[in-house]
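By convention here, the first residue in the shown sequence is residue 1.
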Amino acid sequence: TVVVLFAAALMGFGFVKNQFFPPSTRPQFLIEIQFREGIHILETERKVAKIEALLKNTDGVTTVASAIGDGHPRFLLTYDVPIDTGAHYAAILVSVSDYKVIDRIYQPLQQELETLFPDGTINVKKFNVGPGNGGKIQLRINGPNPVELRRMADRVKAIIAEDHDAKAVRHEWGAKVKTIQPVLAEDRARRAGIDRRMAAMAFQANYTGLPVGVYREGTELIPIYVRAPAGERRTVEEMSAIPLISPVSGDKIPALQIIDELRTGFEDARLSRYNRRSMIKVHADARKGLPSDLLARVKPQIEQALGVDTQAYSGRRVAPAQYSAGTIPIRADDMIPLKEKPGYFIAWSGEAEDSAESTAQLGASIPIFFGLMILTVIFLFNAFRQPLIIWLTVPLSIIGVTVGLLLLHQPFGFMALLGVMSLAGMLIKNAIVLVDQIEMEIRAGKPRLQAVVD
């Protein structure tokens with residue numbers, strides 16, 4: 001009978017699991033991939049197809065959903081699409097049969113994908129629990145010169161990449177992309193009546209396309225573009241044969257007649273700003289350990305390598321031998337000046353900044369609400385001894401909190417702080433009931449020690 005009941009319970013659990021937790025809602029993790037800048041989206045699609053085939057053959061993986069060129073629609077509050085998306089970016093959402101599968105496969109999967117695609121930035125990661133998007137470790141570098149910002153960001157990347165526990169080290173600007181710049185022959189162009197704007201529109205119409213109308217399909221408006229056939233825009237050399245209409249003669253002339261040369265150059269794929277100042281942001285994640293441990297190792301190295309001016313920031317000079325991760329605390333929306341570089345600042349962002357900002361906002365209101373709780377307990381007992389006894393039980397919760405965080409290898413962050421506050425409220429409620437019952441038994445004539453024991 002016991003065996004039959006146990007088997008029936010297992011079958012019932014499987015039925016409930018399949019009915020209420022279909023494959024699309026089972027535990028999931030995310031793979032973010034950034035291939036080389038400037039790659040065609042079709043090539044990205046081909047590489048993602050190889051990753052999908054690898055995932056489908058992985059034991060425990062049930063479904064795979066890929067988004068190429070952009071992220072998935074925001075289906076979770078802590079999921080956010082990075083700003084440096086494009087044809088080189090892909091996000092793969094992987095569903096597994098059981099949450100234990102994630103811990104078993106995501107580390108080997110990270111190493112295997114890094115081996116298959118050495119030119120890409122691979123980041124196999126779990127979903128966040130709490131604030132934060134992008135890399136767990138982030139550094140903002142502000143300054144007026146984009147060349148100097150990129151140089152400092154590359155130096156930061158090199159320092160982080162040397163750490164054995166770092167992965168997915170990148171910055172938001174990406175690698176520079178190759179560009180072709182037609183050099184206009186001003187004298188010949190003026191004789192033909194063609195200016196820079198007309199030449200630019202001709203090149204845009206040939207390669208990118210110009211909007212000429214809108215097609216309405218139901219409630220959706222689809223723009224219509226006109227551009228040259230694929231055979232006429234396949235190579236750079238065909239740029240010299242693009243026809244332009246001369247306003248002077250009304251004839252079509254090839255672009256070769258008004259162009260001196262096609263100059264090859266490199267430019268930033270994207271630029272970003274923070275508080276209206278040029279900014280480049282470096283991202284990184286921890287491979288196995290805690291992000292806070294990785295940050296503690298690389299933070300002093302980066303700050304000293306970039307030349308943080310501790311005298312201007314905190315009013316005291318720190319010797320290199322005494323410099324540590326806690327020399328400069330992490331604050332929200334901070335600006336840390338650099339030595340001999342006026343106008344250049346750095347600031348730590350990511351999970352540490354989000355946690356510091358949330359903790360600071362929460363810390364401003366904690367004294368008010370704890371004061372109200374203390375007054376409420378005093379009003380309940382109309383005395384001071386019983387509330388003092390009740391509140392002395394709260395610090396004892398740190399014992400269990402410390403053991404739990406150490407066993408599960410979790411940091412004491414913002415979410416842990418919320419948990420401690422909730423736990424304190426439960427302890428106070430429990431202590432109120434106990435003290436009140438002890439008082440009732442003492443008033444009933446029971447000895448104090450016996451009342452406490454009972």
Side-chain angles (χ1 to χ4, degrees), residues 32 34 71 77-85 121 123 125 127-144 146 148-161 163 165-174 270-286 290-310 313-314 325-338 341 343-362 411-415 417:
E32 284 189 331
Q34 292 174 326
L77 182 62
T78 55
Y79 171 74
D80 202 1
V81 180
I83 65 171
D84 51 340
T85 58
T121 301
N123 194 9
K125 61 181 185 179
F127 287 107
N128 291 335
V129 180
N133 56 58
K136 295 283 188 180
I137 300 172
Q138 299 177 23
L139 176 68
R140 292 193 303 268
I141 308 176
N142 290 92
E148 181 65 17
L149 291 179
R150 181 178 285 274
R151 187 194 67 80
M152 289 192 290
D154 291 338
R155 191 173 183 183
V156 172
K157 285 175 56 180
I159 293 174
I160 300 177
D163 194 284
D165 194 32
K167 68 171 183 177
V169 185
R170 73 275 187 196
H171 59 67
E172 293 177 351
W173 287 11
R270 63 185 64 83
L271 297 174
S272 54
R273 294 179 180 272
Y274 187 82
N275 290 340
R276 294 201 277 182
R277 295 189 302 268
S278 297
M279 179 270 294
I280 187 170
K281 184 184 289 187
V282 181
H283 295 251
D285 284 282
L290 293 174
S292 56
D293 294 337
L294 174 60
L295 179 61
R297 291 194 298 268
V298 301
K299 184 175 181 289
Q301 300 179 46
I302 292 173
E303 291 175 351
Q304 292 185 86
L306 296 181
V308 167
D309 194 347
T310 55
Y313 181 76
S314 59
T327 300
I328 295 182
I330 297 178
R331 300 187 179 97
D333 200 18
D334 204 359
M335 292 179 61
I336 307 171
L338 302 181
K341 290 183 180 179
Y344 288 89
F345 303 89
I346 67 170
W348 291 100
S349 181
E351 183 183 60
E353 184 188 42
D354 291 338
S355 181
E357 182 180 10
S358 302
T359 303
Q361 294 178 355
L362 192 62
F412 187 82
F414 176 71
M415 300 301 293
L417 177 60

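The shortest distance between side-chain heavy atoms of H283 and K281 falls below 4.5 Å. Side-chain contact between L294 and I137 is present, with heavy atoms from C-beta onward closer than 4.5 Å. R277 has its side chain out of reach of R273: every pair of non-hydrogen atoms, C-beta onward, lies at least 4.5 Å apart. The shortest side-chain heavy-atom distance between D293 and D165 does not fall under the 4.5 Å cut-off. Between L306 and M152, the closest side-chain pair of non-hydrogen atoms falls below 4.5 Å. When side chains are defined from C-beta on, R297 counts as touching D163, because their heavy atoms get closer than 4.5 Å. Contact of the Y313 side chain with the I336 side chain is registered, since non-hydrogen atoms from C-beta on lie closer than 4.5 Å. Annotation: side chain of W348 is not in contact with side chain of I328 (no heavy-atom distance under 4.5 Å).
We find that E148 and K341 are joined by a salt bridge, their nearest charged nitrogen and carboxylate oxygen being less than 4.0 Å apart. The pair K125-E32 meets the salt-bridge criterion, since a charged nitrogen lies less than 4.0 angstrom from a carboxylate oxygen. By the 4.0 Å N-to-carboxylate-O rule, E353 lies close enough to R140 to be salt-bridged with it. Ion pairing of K136 with D354 is absent here, as no side-chain N (NZ or NE/NH1/NH2) approaches a carboxylate O to less than 4.0 Å.
Scanning both residues, P144 and Y344, for their nearest heavy atoms gives CD-CZ, 3.5 Å. The shortest non-hydrogen separation linking A168 to T121 is CA-CG2, 3.6 Å. Here the shortest heavy-atom pairing between I160 and A166 reads O-CB, 3.2 Å. The two residues P300 and L295 have their closest heavy-atom pair at CD-O, 4.4 Å.
Formation of a donor-acceptor pair under 3.5 Å by the S278 side chain with backbone atoms of P146 is not found in this model. Formation of a donor-acceptor pair under 3.5 Å by the R170 side chain with backbone atoms of V282 is not found in this model. Judged purely by atom type and a 3.5 angstrom limit, Q138 uses its side chain to pair as donor or acceptor with the backbone of G135.
Atom NE2 of H171 sits about 10.5 Å away from atom CG of L149, to the nearest 0.5 Å. Remark: I330 CD1 to E351 CD distance equals 10.0 Å, nearest 0.5 Å. The line from CG of L271 to CD1 of I280 is 9.0 Å long, rounded to the nearest 0.5 Å. Taking CD from Q304 and OG1 from T310, the interatomic distance works out to 9.5 Å, rounded to the nearest 0.5 Å. The CD atom of E357 lies 12.0 Å from the CG atom of D334; values are rounded to the nearest 0.5 Å. Distance check, rounded to the nearest 0.5 Å: OG of S349 to CD1 of I141 gives 12.0 Å.
A side-chain N or O of D333 and one of Y274 form a donor-acceptor pair less than 3.5 Å apart.
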Inset, instruction - Evaluate the criterion side chain to side chain contact (heavy atoms under 4.5 Å, CB included) for residue pair V308 and T327; output intermediate values, then yes/no. - result: CA-CA 11 Å; V308 167; T327 300; over 6 Å; no

